[in-house]
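None of these values were measured; they are calculated from a predicted model. No hydrogens, no waters, no symmetry mates; every other heavy atom, side chains included, goes into these values.
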Amino acid sequence: MRLLVLFLLLAVMGPVLSEYGLKLASEALILGLYAMAFNLLFHQAGLLSFGQAAFFGIGAYTMALLVSRAGWPFLLTLPMALLASGLAAALIGFLSLRLTRIYFTMLTLAFAQLLYAVAHKWYAFTGGDNGITDLRPHGVLGESLPFYYLTLAAFALGVGFLGLLARSPFGYALRGLRDNRARAEAVGIAGFGHLLLAFVLSGLLSGLAGALQGALQRSVFPEYLFWTRSAEAILATILGGSGVFLGPAVGATAFLFLRVLVQAQTEYWPFFLGVVLLLTVLFFPKGLAGVGEKVAQKLWGVRHGAAQG
């Protein structure tokens with residue numbers, strides 16, 4: 001119910017926003033979806049992937065190549081972006097999940113950097129460091145408000161799916177594997193299969209976010225595959241709080257708007273971000289969403305006690 005109210009508020013907010021506001025809101029929704037996809041692995045399955053940019057970039061490049069080379073309509077490229085990122089996630093996950101902890105993390109990073117190098121050097125196919133430009137969607141989706149509603153629909157569907165997944169037997173199995181894999185497998189849970197499926201689903205949603213981001217920016221560059229793009233999802237999750245369902249989306253919104261505000265005033269954005277993250281980890285380990293949830297619980301407790309009194 002709370003999610004439905006949130007989506008309705010975001011929908012009503014669209015016509016009120018300026019052109020620049022619509023672009024920022026669309027980017028916040030895309031980054032929120034991307035961070036939520038990462039958190040499926042990080043919080044639910046207990047896997048720290050540094051290679052999430054691989055699927056984000058594959059989704060973006062699939063959309064860009066189909067639009068620029070094959071002349072496909074933008075909307076028709078989205079299923080193909082999902083398919084391409086899902087297949088890549090299946091292959092990378094099949095190889096990476098055989099390792100654990102830091103070895104798994106480093107291997108996912110290595111795959112993403114390998115794909116970045118390919119995109120950066122393969123000028124004939126990807127355009128190299130010149131990227132692929134002029135990707136404005138045709139028709140109404142080339143306008144800011146319809147595109148905002150498209151990103152909102154993608155965000156709502158993705159978040160709704162992740163919410164159902166978290167409350168499903170599959171979600172409970174993932175958390176069981178996260179807490180104690182040996183014990184979970186002893187009671188009959190197929191550890192590798194469950195984790196591989198979670199890896200693929202996370203890759204699918206990351207690829208969708210990448211395709212939307214490429215259309216929003218009207219261009220796709222190798223930086224979509226670079227490790228810093230993976231770091232954005234990780235930082236947003238830490239800032240918002242991985243233990244709260246919408247925490248990564250809250251962190252993504254805070255991350256984006258802080259970056260815009262700080263970069264408008266100073267060039268020391270990385271320093272400012274480091275300070276914010278340090279304070280968050282030290283004093284608000286559950287993130288911004290965790291703080292908000294705690295305040296809401298206290299207020300509810302006070303009102304409930306006053307009502308009973």
statement: The reported gap from CG in Leu205 to CG in Leu162 (rounded to nearest 0.5 angstrom) is 5.5 Å

- request: Using atom types as modelled and distance alone, determine if a side-chain donor or acceptor of Ser219 lies under 3.5 Å from a backbone N or O of Gln217.
  value: yes

- prompt: Going hydrophobic residue to hydrophobic residue with side-chain gaps under 4.5 angstrom, can you get from Phe199 over to Leu48?
  reply: yes

- prompt: Can you tell which of Thr126, Asn130, Thr133, Asp129 makes a side-chain contact (heavy atoms from CB on, under 4.5 Å) with Phe221?
  reply: Thr133

- request: Answer yes or no: does atom CZ of Phe7 have more than 12 heavy-atom neighbours from other residues, nucleotides or ligands under 6.0 Å?
  value: yes

message: Taking the side chain as everything from C-beta on, heavy atoms only, tell me whether Leu225 gets closer than 4.5 Å to Pro222.
response: no

message: Would the distance check show the side chain of Asn39 and the main-chain N or O of Phe42 forming a donor-acceptor pair, the cut-off being under 3.5 Å?
response: no

query: Between the main-chain N or O of Gly171 and the side-chain N or O of Ser168, is there a donor-acceptor pair closer than 3.5 Å?
result: yes

Side-chain touch Leu83/Thr62, heavy atoms, less than 4.5 angstrom: no

- prompt: Taking Thr108 for the side chain and Phe50 for the main chain, is one N or O donor matched with an acceptor at less than 3.5 Å?
  reply: yes

task: Indicate yes or no for a side-chain donor-acceptor contact from Thr151 to the backbone of Tyr148 under 3.5 Å, with no hydrogens or angles considered.
output: yes

query: Mind checking whether Tyr34 and Phe56 have parallel, tilted or perpendicular rings, split at 30° and 60°?
result: tilted

Expected output: side-chain Tyr149 to main-chain Ala11 donor-acceptor under 3.5 Å: yes

- request: Would you sort out whether Leu279 and Phe284 count as a side chain to side chain contact (heavy atoms under 4.5 Å, CB included), showing the intermediate values?
  value: CA-CA 7 Å; Leu279 293 174; Phe284 310 106; 5.6 Å; no

- request: Could you pull out the closest heavy-atom pair between Ala53 and Ser230, with the gap in Å?
  value: N-OG, 2.8 Å

query: With distance as the sole test, does Ser242 use its side chain to make a donor-acceptor pair with the main-chain N or O of Ile238 at under 3.5 Å?
result: no

- prompt: Are Lys286 and Val244 close enough that some pair of their side-chain heavy atoms sits under 4.5 Å apart?
  reply: no

- prompt: Does the pair Leu201 and Leu204 meet the rule for a side chain to side chain contact (heavy atoms under 4.5 Å, CB included), with working shown?
  reply: CA-CA 5 Å; Leu201 293 174; Leu204 283 169; 4.1 Å; yes

message: Does any part of the side chain of Leu273, heavy atoms only, come nearer than 4.5 Å to the side chain of Phe255, both counted from C-beta?
response: yes

message: Using every non-hydrogen atom in the two residues, find where Gly59 and Ala211 come nearest and quote the distance to one decimal.
response: O-CB, 3.6 Å

query: Would you call the rings of Phe147 and Phe74 parallel, tilted or perpendicular if under 30° counts as parallel and over 60° as perpendicular?
result: tilted

- request: Could you give me the CA-CA distance, side-chain angles and deciding distance for Glu232 and Leu31, then say whether side chain to side chain contact (heavy atoms under 4.5 Å, CB included) is met?
  value: CA-CA 8 Å; Glu232 287 184 3; Leu31 182 56; 4.0 Å; yes

query: Does the ring of Phe257 carry Arg259 above it, NZ/CZ under 6.0 angstrom from centre and within 45° of its axis?
result: no

- prompt: Around Trp227, counting heavy atoms of other residues, nucleotides and ligands shown, do more than 12 lie under 6.0 Å from its CH2?
  reply: no

- request: Answer whether the closest heavy-atom distance between the side chains of Arg98 and Phe104 falls below 4.5 Å.
  value: no

message: Looking at Lys23 and Glu19, is there a salt bridge between them, counting it only when a charged N and a carboxylate O are closer than 4.0 Å?
response: no

- prompt: Would Val262 and Leu277 show up in the same hydrophobic cluster when neighbours are defined by side-chain heavy atoms closer than 4.5 Å?
  reply: yes

task: Identify the heavy atoms of Val220 and Gly214 that sit nearest to each other, and give their distance.
output: CG2-CA, 3.8 Å

query: Do Arg175 and Gln44 have side-chain atoms, one donor and one acceptor, less than 3.5 Å apart?
result: yes

field: Residue pair Val200 / Ala89: nearest heavy atoms and the distance that separates them
entry: CA-CB, 3.8 Å

query: Does Arg69 CZ have over 12 foreign heavy atoms under 6.0 Å away?
result: yes

query: What pair of heavy atoms forms the shortest contact from Leu33 to Leu208, and how long is it?
result: CD2-CD2, 4.1 Å

Asp134 CG: over 12 foreign heavy atoms closer than 6.0 Å: no

query: Just wondering, do Met80 and Leu66 contact through their side chains at under 4.5 Å, heavy atoms?
result: yes

- line: Between Val159 and Phe245, the two heavy atoms sitting closest are O-CZ, 3.4 Å

task: Tell me, with the steps shown, if Ser202 and Gln52 meet side-chain hydrogen bond (donor to acceptor under 3.5 Å, both in side chains).
output: CA-CA 8 Å; Ser202 177; Gln52 213 63 18; 2.6 Å; yes

task: Answer yes if Val281 and Leu235 sit in the same cluster of Ile, Leu, Val, Met, Phe, Trp and Tyr residues linked by side chain heavy atoms under 4.5 Å apart, and no otherwise.
output: yes

query: So is Arg167 actually on top of Tyr172's ring, under 6.0 Å and inside 45° of the axis?
result: no

task: Rounded to the nearest 0.5 Å, what's the gap from CG on Leu78 to CG on Leu212? Could you check?
output: 6.0 Å

Common cluster, Phe192/Val187, ILVMFWY with side-chain heavy-atom separation under 4.5 Å: yes

message: Surrounding CZ of Arg218 (heavy atoms of other residues, nucleotides or ligands, distance under 6.0 Å), is the total greater than 12?
response: yes

message: What I'd like to find out is whether the side chain of Thr266 reaches to under 4.5 Å of the side chain of Phe272, using heavy atoms alone.
response: no

query: Considering residues, nucleotides and ligands other than Tyr123, do more than 12 of their heavy atoms fall under 6.0 Å from its OH?
result: yes

query: What distance do Leu17 atom CG and Leu22 atom CG have between them, rounded to the nearest 0.5 Å?
result: 5.0 Å

- prompt: Which word best sums up how the rings of Phe226 and Tyr116 line up, parallel for under 30°, tilted for 30 to 60°, or perpendicular for over 60°?
  reply: tilted

message: Counting C-beta onward and ignoring hydrogens, is there a side-chain heavy-atom pair between Leu75 and Leu150 closer than 4.5 Å?
response: yes

query: Hey, quick one: are Val140 and Leu29 part of the same hydrophobic cluster, counting side-chain heavy atoms closer than 4.5 Å, chains of contacts allowed?
result: no

